[in-house]
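Accompanying notes for the structure given below.
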There are 2 protein chains.
Amino acid sequence: MSDLTGRLRRESRKITGPRAAILEILHAHPHPLTSREILAALPKDHCDLATVYRSMHLLETMGMVKRYHFHDGAARFELVGEGDDGHHHHLVCVNCSGVVEIAECFPDEIQKRIAQKNGYKNVTHKLEFFGTCPDCQR
Amino acid sequence: MSDLTGRLRRESRKITGPRAAILEILHAHPHPLTSREILAALPKDHCDLATVYRSMHLLETMGMVKRYHFHDGAARFELVGEGDDGHHHHLVCVNCSGVVEIAECFPDEIQKRIAQKNGYKNVTHKLEFFGTCPDCQR
DNA sequence: TTCTTAATTGCAAATCGTTTGCATTTACAA
DNA sequence: TTGTAAATGCAAACGATTTGCAATTAAGAA
Ligand SMILES: [Mn+2]
Ligand SMILES: [Mn+2]
Ligand SMILES: [Zn+2]
Ligand SMILES: [Zn+2]
């Protein structure tokens, strides 16, 4: 947690109450959360939704959180470890929205081939899996 | 094109001016288009944006178009061939938004393994590649 | 510790993509 | 030709996100 605030300080950003609280929430949650969910999880409902949005934007540009998009329109955020680049994928239940973290990734050789074949540089990917979780299969 | 109207008729949906025009546009464009882009491409600007949205919704539930999400918030649509299920992916330039159609797909064995390991059924995936296209590399 | 100031916040209004209610029009089968 | 369900236009409603602005505050300097 102190390493998180350290990263903020290093870029001359203030360590404010809302930010510390948001980082706590993200730290305590293993899965992507929407800005609204973060706000709801915040103790004492003490900051504005706009502040959550602004915080997520800042943390994202600092590489401290990753943004994900599942089936609904809302963005979801997950904390990224200090060294880690945070790249990974999810398996989402189309019925209950339950999320499973996935270790597998798109094969790098294939991605390299795609990049080269089309002359694109710095190619990355967004990949999410969708299906029906055990609980939702009747 | 007649097979498209046929699919509409088969479900007792009317073949209206706007719908025919929208199908023309989609047929003429090889890449995903936003509702707004479709409206702009429409001859004589003759239908309402709400009608485009309603049409895309209908065509999607009929399996005639596929919906995609790239980096911005807008949904994009592509026509699906009659027999085809339309599943495929794109390589999008993060600078100019140029799109390349990609033939490669996420390896099925790995997806099966992911599904089985987590007890999920009917697992599918959404996968898009992002990078810098040749023109945007200076 | 107090001062100074740029960074941050709350609040409300604005934006953007998308949806919806409703009165009016229209495709098309009988 | 006619009856009727389906489709449309228009404007208002929506949900997520952004932004302008005046008031507040963290944190380095003095
Ligand atoms: Mn995750
Ligand atoms: Mn395509
Ligand atoms: Zn990956
Ligand atoms: Zn695929």
Side-chain angles (χ1 to χ4, degrees), chain A residues 1-2 4-25 32-62 64-77 97, chain B residues 2 4-25 32-62 64-78 97:
Chain A
M1 190 56 53
S2 59
L4 294 174
T5 56
R7 289 164 79 176
L8 281 173
R9 202 172 284 110
R10 242 171 280 148
E11 307 211 16
S12 65
R13 313 313 294 252
K14 296 181 180 175
I15 297 163
T16 63
R19 285 181 186 166
I22 288 170
L23 286 173
E24 289 280 352
I25 301 299
L33 295 177
T34 65
S35 293
R36 223 180 206 83
E37 289 169 339
I38 293 170
L39 179 69
L42 242 35
K44 310 183 69 178
D45 197 53
H46 225 80
C47 97
D48 193 80
L49 185 53
T51 298
V52 178
Y53 277 109
R54 279 191 275 234
S55 294
M56 300 327 292
H57 202 293
L58 171 70
L59 295 175
E60 184 185 22
T61 62
M62 293 181 62
M64 295 177 63
V65 303
K66 276 256 175 193
R67 177 187 301 257
Y68 295 94
H69 289 280
F70 296 161
H71 265 155
D72 61 358
R76 283 155 208 274
F77 303 89
S97 296
Chain B
S2 59
L4 294 174
T5 56
R7 289 164 78 177
L8 281 173
R9 201 174 283 111
R10 243 172 279 147
E11 307 210 16
S12 65
R13 315 312 295 252
K14 297 181 180 175
I15 298 163
T16 64
R19 283 182 187 165
I22 288 170
L23 286 173
E24 289 281 351
I25 301 301
L33 296 177
T34 65
S35 293
R36 214 174 216 90
E37 289 169 341
I38 293 170
L39 179 69
L42 241 33
K44 313 180 66 176
D45 197 54
H46 227 80
C47 97
D48 193 81
L49 185 55
T51 299
V52 178
Y53 277 109
R54 280 190 276 235
S55 295
M56 300 326 292
H57 201 291
L58 171 70
L59 295 175
E60 184 184 23
T61 63
M62 294 180 63
M64 295 176 63
V65 305
K66 276 256 176 195
R67 178 188 300 258
Y68 295 94
H69 289 280
F70 297 161
H71 265 155
D72 62 358
R76 283 155 208 275
F77 302 90
E78 234 186 39
S97 297

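- For B/Arg76, the side-chain hydrogen bond (donor to acceptor under 3.5 Å, both in side chains) partners at least two apart in sequence or on another chain are B/Asp72.
- With hydrogens and angles disregarded, a donor-acceptor distance shorter than 3.5 Å links the side chain of B/Ser55 to the backbone of B/Thr51.
- Relative to the axis of its first five pairs, the axis of the last five pairs of the helix from C/dT1-D/dA30 to C/dA13-D/dT18 sits at 30°, rounded to 10 degrees.
- Annotation: side chain to side chain contact (heavy atoms under 4.5 Å, CB included) contacts of A/Ala50 (sequence neighbours excluded): A/Asp48, A/Arg54.
- A/His69 comes within 4.0 angstrom of nothing in the nucleic acid, heavy atoms only.
- Nucleotide D/dA6 holds its P atom 13 Å from the CE atom of B/Met62, rounded to whole Å.
- Scanning for salt bridge (charged side-chain N to carboxylate O under 4.0 Å, His left out) contacts around B/Arg36 gives an empty result, with sequence neighbours left out.
- Scanning for side chain to side chain contact (heavy atoms under 4.5 Å, CB included) contacts around A/His71 gives A/Val94, A/Phe130, B/Lys126, with sequence neighbours left out.
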Open item on the list: Would A/Leu42 and A/Glu24 count as a side chain to side chain contact (heavy atoms under 4.5 Å, CB included) here? Give the steps.
Closed with: CA-CA 9 Å; A/Leu42 242 35; A/Glu24 289 280 352; over 6 Å; no
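- For the pair A/Ser55 and B/Gly17, nearest-nucleotide mapping onto DNA chain C gives the more 5' position to A/Ser55.
- In this structure, A/Asp72 places its CG atom 14 Å from C1' of D/dT17, rounding to the nearest Å.
- Put simply, A/Thr16 has a side-chain N or O that comes within less than 4.0 Å of OP1 or OP2 on C/dT9.
- Atoms CZ (B/Arg10) and P (C/dC28) sit 15 Å apart, rounded to a whole Å.
- Under the side-chain hydrogen bond (donor to acceptor under 3.5 Å, both in side chains) criterion, B/Arg13 pairs with no residue, sequence neighbours left out.
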Taking N or O atoms only and anything under 3.5 Å, show me the protein contacts with nucleotides 23-25 of chain D, one pair per line.
residue : atom : partner : partner atom : Å
D/dT25  : O2   : A/Lys14 : NZ           : 3.0

Atom pairs, N/O to N/O, protein against nucleotides 19-23 of chain C, distance under 3.5 Å?
residue : atom : partner : partner atom : Å
C/dG21  : O6   : B/Arg54 : NH1          : 3.2

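- As a whole-Å value, the separation of A/Lys44 NZ from C/dG10 P is 13 Å.
- With hydrogens and angles ignored, the 3.5 Å screen pairs no side-chain donor or acceptor of A/Arg67 with any backbone N or O of A/Glu60.
- Taking side-chain N and O atoms only, B/Thr51 has a distance below 4.0 Å to OP1 or OP2 of D/dG9.
- To the nearest angstrom, C1' of D/dA6 lies 15 Å from CZ of B/Arg9.
- Contacts of A/Phe70 classified as ring pair (Phe, Tyr, Trp, His ring centres under 6.0 Å), with partners at least two apart in sequence or in another chain: A/His90.
- A/His46 places its NE2 atom 18 Å from the P atom of C/dT8, with the value rounded to the nearest Å.
- Rounded to an integer number of Å, the gap from A/Phe70 CZ to D/dG15 P is 22 Å.
- As rounded to whole Å, 12 Å separates atom P of C/dT8 from atom CD1 of A/Ile22.
- Listed by chain and residue number, B/Leu49, B/Val52, B/Tyr53, B/Met56, B/Phe77 satisfy the side chain to side chain contact (heavy atoms under 4.5 Å, CB included) test with B/Ser35 (two or more places apart in sequence, or in another chain).
- Across D/dA7, D/dA16, C/dT9, the shortest atom-to-atom separation from the side chain of A/Arg36 is found for D/dA16.
- In this structure a side-chain-to-backbone donor-acceptor pair under 3.5 Å is present from A/Glu37 to A/Thr34.
- Applying the ring pair (Phe, Tyr, Trp, His ring centres under 6.0 Å) criterion to B/His69, with sequence neighbours excluded, gives no partner residue.
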